[in-house]
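Below, all heavy atoms of this structure are taken into account, side chains as well, without hydrogens, waters or symmetry copies. Along the sequence shown, residues carry numbers from 1.
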Amino acid sequence: MTNFPQPRRKVRAPRVNLWGTASATIRLENGRELWAKTLRISITGGLLELANYLDEGVTVNLTLHLGNRTVRGKAATLFPMRATQGYQQPFRFTDLRDEECVALEIEIRELMKQASLAAPGHRGLAFKPRRFIPESV
């Protein structure tokens with residue numbers, strides 16, 4: 001049997017679903033600004049919900065408003081997808097300063113922690129009712 005070389009396995013960056021709870025501002029090269037909801041975020045890119053899509057490969061200045069942090073960087077848009085209302089616009093970061101990258105990593109870690117605490121069956125901050133067993137009279 002011939003041994004085929006295995007492609008290099010890349011570990012995907014952890015991603016967090018925000019479901020539109022965080023906003024983003026997109027600034028185009030012509031100065032026009034668009035508002036978007038952030039659906040998913042990772043250290044390498046994410047997914048936005050827009051009213052109108054942007055073409056693939058457009059370079060934008062992106063400002064993400066995540067909790068108490070604001071992350072600014074340059075991003076390139078990827079192929080848009082039609083959604084129920086508007087469009088889902090994936091993007092990848094092309095230029096992110098070190099301090100912005102650290103702030104984004106911290107925010108993603110905190111959001112992942114919150115998501116794991118809210119997971120069913122976890123005895124964190126969530127309330128888990130006890131089973132009621134009536135006493136015999």
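- Of all heavy-atom pairs spanning Leu66 and Ala22, the tightest one is CD2-CB, 3.8 Å.
- Contact record, Ser42 with Pro14: CB-O, 3.3 Å, taken as the closest heavy-atom pair.
- When all heavy atoms are compared, the tightest approach of Ser23 to Trp35 is CB-NE1, 3.5 Å.
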Validation: residues 48-62 side-chain donor-acceptor distances under 3.5 Å, sequence neighbours left out:
none

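- Here Ile108 contributes atom CD1 and Arg69 contributes atom CZ; the two are 11.0 Å apart, rounded to the nearest 0.5 Å.
- The local environment of CD in Glu99 is crowded, with over 12 non-hydrogen atoms from other residues, nucleotides or ligands closer than 6.0 Å.
- With values rounded to the nearest 0.5 angstrom, Thr21 atom OG1 is found 7.5 Å from Leu111 atom CG.
- Here the closest non-hydrogen pair linking Leu104 and Phe93 is CD2-CE1, 3.7 Å.
- Formation of a donor-acceptor pair under 3.5 Å by the Arg82 side chain with backbone atoms of Gly86 is found in this model.
- Side-chain contact check for Thr63 versus Arg72: some heavy-atom pair is nearer than 4.5 Å.
- Met81 and Leu18 end up in different hydrophobic clusters when Ile, Leu, Val, Met, Phe, Trp and Tyr side chains are linked at under 4.5 Å.
- Considering all non-hydrogen atoms of both residues, Thr94 and Ala75 come closest at OG1-N, 3.7 Å.
- Within the 4.5 Å cutoff, the side chain of Val71 has no heavy atoms near those of the Glu107 side chain.
- Looking at heavy atoms from C-beta onward, Phe91 lies out of side-chain contact with Ile26 at the 4.5 angstrom threshold.
- Hydrophobic cluster membership differs between Leu64 and Tyr87, with clusters built from Ile, Leu, Val, Met, Phe, Trp and Tyr side chains linked at under 4.5 angstrom.
- Note that CD of Gln88 and CG of Leu78 are 13.0 Å apart. Values are rounded to the nearest 0.5 Å.
- Under the 3.5 Å distance criterion, the side-chain polar atoms of Arg27 are left unmatched by any main-chain donor or acceptor of Thr25.
- Minimum interatomic distance between Leu47 and Pro90 (heavy atoms only, all atoms of both residues): CD1-N, 3.6 Å.
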